[in-house]
Colleague: 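The structure follows.
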Amino acid sequence: MRLSQLFGKTLRQVPAEAETPSHRLLLRAGMVQQVAAGVYAYMPLGWAVFRKIERIIREEMDREGGQEMMMPSIVPIEVYQQSGRDQTMKDILFRLSDGRGREFALGPTHEELFTEVFKRNVRSYRDLPLLAYQIAPKFRDEPRPRGGLIRLRQFWMKDLYSFDADWEGLDISYRKMYDAYQRIFDRCAVPTVPVLADSGAMGGKDTHQFMYVTEYGEDNCLFCPNCGYAADAEVAAFVKEPAYSSEEAKPAEEIDTPGLYTIQALAQNLGVPESRTCKAVFYQATYADGTESKNQGTRNKERGTRSEGQGTRAEAVFVAIRGDMDVNESKLRKALGAVDVTYMSEEDAQQAGFVAGSASAVGLAGARIVADDLLPLEHNLVAGANKPDKHLLNVNYQRDWTADVVADIALAKEGYRCLNCRTPMDLKRGIEMGQVFKLGTRYAEDIGAVFQDQEGKQRPAVMGSYGIGLERLLAGVIEANHDESGIIWPHELAPYKVHIVAIQPEKPEVAQAADRLYEELQSLGVEVLYDDREETPGVKFNDADLLGMPLRTTLSPRNLSSGSAEVKARTEAQSRLIPLAEAAAALANEAQQSPERV
RNA sequence: CGGGGUGUAGCUCAGUCAGGCUAGAGCGCACGGUUCGGGACCGUGAGGUCGGCGGUUCGAAUCCGCCCACCCCGACCA
């Protein structure tokens, strides 16, 4: 490709909205362009890399016996009603209807559809295991797109679904994908760590996320430096020990605490550690209403109206936790069996009868009370008095208050100790590159995807689902492979292997030599980018660094006068001279090799 | 959806607080010339519904109201 003809130019200045390195470089290199929030156009250079990522993923999926197929993006809404996910994913579904009023969603993920197709085609255990996948666009009306390609509303995903006869089979399929993922991320030169994760709205059992650890990540993960335990903060287990379990319960005492509305202020003013206090947090919990979750949506189908709040029930929840800890909303949701929990606004809290700033479970009526499981073990905590500007000293569980639910609802933090080996853990941020799920039989049961086993019994398929976000991986590749000057493409992903820089191409001897090298390399099957533009050397070298091809060769009047071409790898600091006559063969040879990554 | 911020030329931004005549700069772009090994220089030129609608005013990029878009922090996910 001649750079003078390439659709999409490099940018000297980056649009102000770009903050992460990958976003800046993608824009600067002219690889992508934003169309709307979370929606991008891929220019030829970006698309070329995209297709290479796709190829690596395809190769590794096929290697494990995956069968590629293609599902539509336009999916009848009924498909998601079967599993109830038209409700649980309500907020992220892009919906549309056809001219006759039939409703569809743009597929955000395809568990239901794959299960549906499985149901129509599979009858016997002899057809199992089955690994089917697609590499296709997904649509999610994310409330907050972010970080360039890191969080999008339209994105490509490789999604594979495994169907097994039993859980042992699922374990094998899961392992296959787990291993394939390691190879994919390795080939893309993105260091990832598998971490235990939350199954969230997907439902299911085991799940790992493959995290690329970076300060630009949006997920918090805990890592044990000693035993290697790694988990998303949402599910991370840690050592929880009471601080005051051995104390004798002292008599409660009401004190004036004007202006002390936060745990920090309270603890400071009383001269006690935050762990001596009991914190109150107010949540609104949403529950799926069983009578409405299925077959709902066959009614209420007037065009354009969303069935807001249908099939759900809300409840105010009072959460008590030791003052030095924070609530893990994921754990809270599970403890309550709720579909969703959201932090209450001040007004809602007031309406629910909570005295913000001095709230307490002591003497509280009319709300469900959830206590972290550490609280019943502690003694003599400071808690609110449920009266403005008053707190209680020496509050004790059982004697002064009890909870409706006692559960571990604490969020893991930096320095909390590993449950396996008691070593303090590190908190790091990461970007999720992919996820593997053991779904179990949930979707198969909802949809009726059963097969006949060896005994002739009908059994639901045991499923897994395995996703990789392609754009996110592309962003990760750049995050993990760049320097101040630009991108450093891993060998397998470089859109071109060789970047020819012609200095003063308006001089015939330069143009002739460069044209010839360009053609020779192409005829040798080397992907080559040829900077034939009439630009100054500085501009060309900077663009070559920015675009990041593995090999750069410079043809200039200076080099040509000695019959040489200059060669420099993107990862090398110094260039070297080689005879021009051998340049094509030498470059082709070097481009064919897979140099070790730095 | 809550909190914060930004919308002026393709990009980066000034001008807005204290309203005033043909709305500016740098980069980029076009043409001509001089240059040529790490984002050169000179000259000429094209390019703008000042996010949109409404209002106040003799007069609005500037003041007021409503709306929209985008970015960042949270709640959600590949």
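Naming: A, B, ... by sequence-line order, numbering from 1 per chain.
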Colleague: For every nucleotide of nucleotides 36-41 of chain B, 5' to 3': is a protein heavy atom under 4.0 Å from its base (B), only from its sugar-phosphate (S), or from neither (-)?
Modeller: BBBBB-
Colleague: Can you say whether the rings of F94(A) and F139(A) are parallel (under 30°), tilted (30 to 60°) or perpendicular (over 60°)?
Modeller: perpendicular
Colleague: Could you tell me whether Q209(A) contacts a base, only the sugar-phosphate backbone, or nothing, with contacts defined as non-hydrogen atoms closer than 4.0 Å?
Modeller: nothing
Colleague: Between the protein and nucleotides 6-9 of chain B, are there any N/O to N/O pairs under 3.5 Å, and if so, what are the atom names and distances?
Modeller:
none

Colleague: Please report the distance, rounded to the nearest Å, between CD1 in I184(A) and P in A78(B).
Modeller: 16 Å
Colleague: Could you state the atom-to-atom distance from NZ of K9(A) to P of G28(B) in whole Å?
Modeller: 9 Å
Colleague: Taking only residues two or more places apart in sequence, or in another chain, which ones meet K176(A) in a salt bridge (charged side-chain N to carboxylate O under 4.0 Å, His left out)?
Modeller: none
Colleague: Rounded off to whole Å, could you give me the CG-to-P distance for the L411(A) and A75(B) pair?
Modeller: 10 Å
Colleague: Nearest to the side chain of F155(A) - G28(B), C70(B), A78(B)?
Modeller: A78(B)
Colleague: Measuring only the C1' atom in each nucleotide, how far is C41(B) from C27(B)? A whole number of Å is fine.
Modeller: 15 Å
Colleague: Is a donor-acceptor pair below 3.5 Å formed from side chain R140(A) to base A78(B), judging by atom type as modelled?
Modeller: yes
Colleague: Using the C1' atom on both, measure A61(B) against U16(B) and round to a whole Å.
Modeller: 7 Å
Colleague: Using atom C1' in both nucleotides, what's the gap between G65(B) and A75(B) to the nearest angstrom?
Modeller: 31 Å
Colleague: Regarding C1(B), can its base be found pairing with the side chain of D91(A) as donor and acceptor, where the two atoms are less than 3.5 Å apart?
Modeller: no
Colleague: Enumerate the residues from residues 466-476 of chain A whose closest heavy atom to RNA chain B is under 4.0 Å, giving them by residue number; use none for an empty result.
Modeller: G469(A), R472(A)
Colleague: Expressed in whole Å, how much space separates the P atoms belonging to G32(B) and C71(B)?
Modeller: 41 Å
Colleague: Return yes when atom CZ of R24(A) has more than 12 non-hydrogen atoms of other residues, nucleotides or ligands closer than 6.0 Å, and no otherwise.
Modeller: no
Colleague: Which nucleotide, G74(B), U12(B), C70(B), lies nearest any side-chain atom of A37(A)?
Modeller: C70(B)
Colleague: Given the C1' atoms of G7(B) and G15(B), what is the spacing between them in whole Å?
Modeller: 15 Å
Colleague: Check every strand shown and say whether V501(A) touches a base, only sugar-phosphate, or nothing at a heavy-atom separation below 4.0 Å.
Modeller: nothing
Colleague: At under 4.0 Å between heavy atoms, which parts of nucleotides 42-48 of chain B does protein reach? Answer with one letter per nucleotide, 5' to 3': B base, S sugar-phosphate only, - none.
Modeller: -------
Colleague: Rounded to whole Å, please give me the gap between OH in Y283(A) and P in A75(B).
Modeller: 9 Å
Colleague: In terms of relative ring orientation, are H23(A) and Y40(A) parallel, tilted or perpendicular, with 30° and 60° separating the classes?
Modeller: perpendicular
Colleague: Quick one: look up who G74(B) pairs with, Watson-Crick or G-U, both distances under 3.5 Å, and put none if it's unpaired.
Modeller: C1(B)
Colleague: If you measure from the P atom in G24(B) to the same atom in U6(B), how many Å do you get, rounded?
Modeller: 25 Å
Colleague: With R146(A), which residues qualify under salt bridge (charged side-chain N to carboxylate O under 4.0 Å, His left out), at least two apart?
Modeller: E218(A)
Colleague: Among D326(A), D324(A), D372(A), find the one that has a side chain to side chain donor-acceptor pair (under 3.5 Å) with K279(A).
Modeller: D326(A)
Colleague: Considering every strand and a 4.0 Å limit on heavy-atom distances, what is the contact class for P137(A): base, sugar-phosphate, or nothing?
Modeller: nothing
Colleague: Whole angstrom is fine here: how far is it from CG in L93(A) over to P in C76(B)?
Modeller: 17 Å
Colleague: Kindly give the heavy-atom pair with the smallest separation between P191(A) and A480(A), and that separation in Å.
Modeller: CD-CB, 3.9 Å
Colleague: Are side-chain heavy atoms of I478(A) and L149(A) found at a separation under 4.5 Å?
Modeller: no
Colleague: I'd like to know whether D483(A) forms a salt bridge (Lys or Arg N to Asp or Glu O under 4.0 Å) with R570(A), so could you lay out the CA-CA distance, the side-chain angles of the two residues, the decisive distance to 0.1 Å, and finally the verdict.
Modeller: CA-CA 10 Å; D483(A) 61 16; R570(A) 179 64 177 82; 2.8 Å; yes
Colleague: Need one value for I92(A): base, sugar-phosphate or nothing, where a base atom within 4.0 Å counts as base even if backbone is also close, heavy atoms only.
Modeller: nothing
Colleague: Under the criterion side chain to side chain contact (heavy atoms under 4.5 Å, CB included), I'd like the reasoning laid out for F185(A) against I468(A): C-alpha separation, chi angles, the key distance, then a yes or no.
Modeller: CA-CA 10 Å; F185(A) 298 128; I468(A) 293 178; 4.1 Å; yes
Colleague: Measure up the Y42(A) and W47(A) rings against each other and bin them: parallel (under 30°), tilted (30 to 60°), perpendicular (over 60°).
Modeller: tilted
Colleague: Is there a Watson-Crick or G-U wobble partner for C66(B) with both distances under 3.5 Å, and which nucleotide is it?
Modeller: G52(B)
Colleague: Which nucleotide wins on minimum distance to the side chain of E142(A), given the candidates C11(B), A78(B), C71(B)?
Modeller: A78(B)
Colleague: With both distances under 3.5 Å as the test, what is the Watson-Crick or G-U wobble partner of C21(B)?
Modeller: none
Colleague: Taking the six-membered ring for Trp, are Y530(A) and Y496(A) ring centroids under 6.0 Å apart?
Modeller: no
Colleague: Please tell me which of R153(A) and V14(A) maps to the more 5' nucleotide of RNA chain B, matching each residue to the nucleotide holding its nearest heavy atom.
Modeller: V14(A)
Colleague: Taking the side chain as everything from C-beta on, heavy atoms only, tell me whether M211(A) gets closer than 4.5 Å to E432(A).
Modeller: yes
Colleague: Strictly below 4.0 Å: does Q13(A) bring a side-chain N or O up to OP1 or OP2 of C13(B)?
Modeller: no
Colleague: Quick check for you: to the nearest 0.5 Å, what is the distance between L427(A) atom CG and N220(A) atom CG?
Modeller: 4.5 Å
Colleague: Closest-nucleotide mapping onto RNA chain B: is E218(A) or A36(A) further toward the 5' terminus? I mean the 5' end.
Modeller: A36(A)
Colleague: Taking OH from Y216(A) and P from C73(B), how many angstroms apart are they, rounded to a whole number?
Modeller: 12 Å
Colleague: Paired with U44(B): which nucleotide, if any, by Watson-Crick or G-U wobble criteria at under 3.5 Å for both distances?
Modeller: A30(B)
Colleague: How many Å lie between CZ on R151(A) and C1' on C71(B), as a whole number?
Modeller: 15 Å
Colleague: Among R28(A), R533(A), K9(A), which residue meets the salt bridge (Lys or Arg N to Asp or Glu O under 4.0 Å) test with D543(A)?
Modeller: R533(A)
Colleague: Looking only at atom C1', what distance separates C63(B) and C58(B), rounded to whole Å?
Modeller: 16 Å
Colleague: Under a 3.5 Å cut-off for both contacts, is U16(B) paired Watson-Crick or G-U wobble with anything, and if yes, with which nucleotide?
Modeller: none
Colleague: I would like to know whether E112(A) and S83(A) meet side-chain hydrogen bond (donor to acceptor under 3.5 Å, both in side chains); could you show each step before the answer?
Modeller: CA-CA 7 Å; E112(A) 288 86 349; S83(A) 63; 2.5 Å; yes
Colleague: State the pairing partner of C36(B); accept Watson-Crick or G-U wobble contacts with both distances under 3.5 Å, and report none otherwise.
Modeller: none
Colleague: With a 6.0 Å cut-off (strictly less than), is the heavy-atom count around CD of Q33(A), excluding the residue itself, greater than 12?
Modeller: no
Colleague: Please state the P separation for the pair C76(B) and A14(B) - nearest whole angstrom.
Modeller: 36 Å
Colleague: Would you indicate, yes or no, if C73(B) has its OP1 or OP2 atom less than 4.0 angstrom from a side-chain nitrogen or oxygen of R144(A)?
Modeller: yes
Colleague: Mind checking whether M433(A) and Y181(A) have side chains closer than 4.5 Å, heavy atoms only?
Modeller: no
Colleague: Starting from P on G4(B), measure out to CZ on R146(A) and report it in whole angstrom.
Modeller: 18 Å
